[in-house]
Amino acid sequence: MRVPTVHVPPCVEQGTGRNAAALAVEEGTYEGTDAFLVVLPHPSDATRVQAYVIDASCVQEKPAGKGELLLTRTYARP
């Protein structure tokens with residue numbers, strides 16, 4: 001069974017500080033700032049996921065820099 005690939009802009013991925021394949025990604029706003037929510041597997045606990053909120057402004061920058069990490073939390077994996 002193939003797992004679908006979730007596209008994460010490179011600058012947003014850099015903002016997470018990780019290069020793991022994303023489980024989910026969604027664009028939205030966080031405290032009035034355009035942002036991406038990126039959900040990755042927890043690096044050491046398969047029963048958890050780690051969520052990152054990254055400022056989306058890096059996507060429009062030329063050249064694109066590393067996205068600013070706005071928030072990170074760990075949750076039980078559904």
For C58 and G67 the tightest heavy-atom approach is SG-CA, 3.7 Å
Mind checking whether L70 and T33 have side chains closer than 4.5 Å, heavy atoms only? yes
When rounded to the nearest 0.5 Å, the distance separating OH of Y30 from CG of L37 is 11.0 Å
**Prompt:** Does one hydrophobic cluster hold both V39 and Y75, with members joined at side-chain heavy-atom distances below 4.5 Å?
**Reply:** yes
| task | Verify side-chain contact (heavy atoms from CB on, under 4.5 Å) between H42 and S44, making sure each step is shown before the conclusion. | result | CA-CA 6 Å; H42 191 276; S44 62; 3.2 Å; yes
### Message
If we ignore hydrogens and angles and just use 3.5 Å, is the side chain of R77 paired with the main-chain N or O of D45 as donor and acceptor?
### Response
no
* Looking at side-chain heavy atoms only, is the closest gap between E61 and P63 below 4.5 Å? -> no
**Message:** Is any side-chain heavy atom of T74 closer than 4.5 Å to one of V49?
**Reply:** no
Looking only at heavy atoms, the pair that brings A21 and P41 closest together is O-CD, 3.6 Å
So, do Q50 and P43 sit near enough that their side-chain heavy atoms are less than 4.5 Å apart? yes
> Do side-chain atoms of T16 reach the backbone of R18 as a donor and acceptor pair under 3.5 angstrom?
Replying inline: yes
How about V38 and V12: do any of their side-chain heavy atoms sit closer than 4.5 Å? yes
Less than 4.5 Å apart, any side-chain heavy atom of E13 and any of P9?
-> no
Margin query: Measuring only between side-chain heavy atoms, which start at C-beta, is L69 closer than 4.5 Å to I54?
Written below: yes
* Asked: Under a single-linkage definition using a 4.5 Å side-chain heavy-atom cutoff for Ile, Leu, Val, Met, Phe, Trp and Tyr, are L71 and V59 assigned to the same hydrophobic cluster?
  -> no
Using a 3.5 Å distance criterion without hydrogens, assess whether the side chain of T72 forms a donor-acceptor pair with backbone atoms of A51. yes
ask   = Between L40 and Y52, is any pair of side-chain heavy atoms under 4.5 Å apart?
value = yes
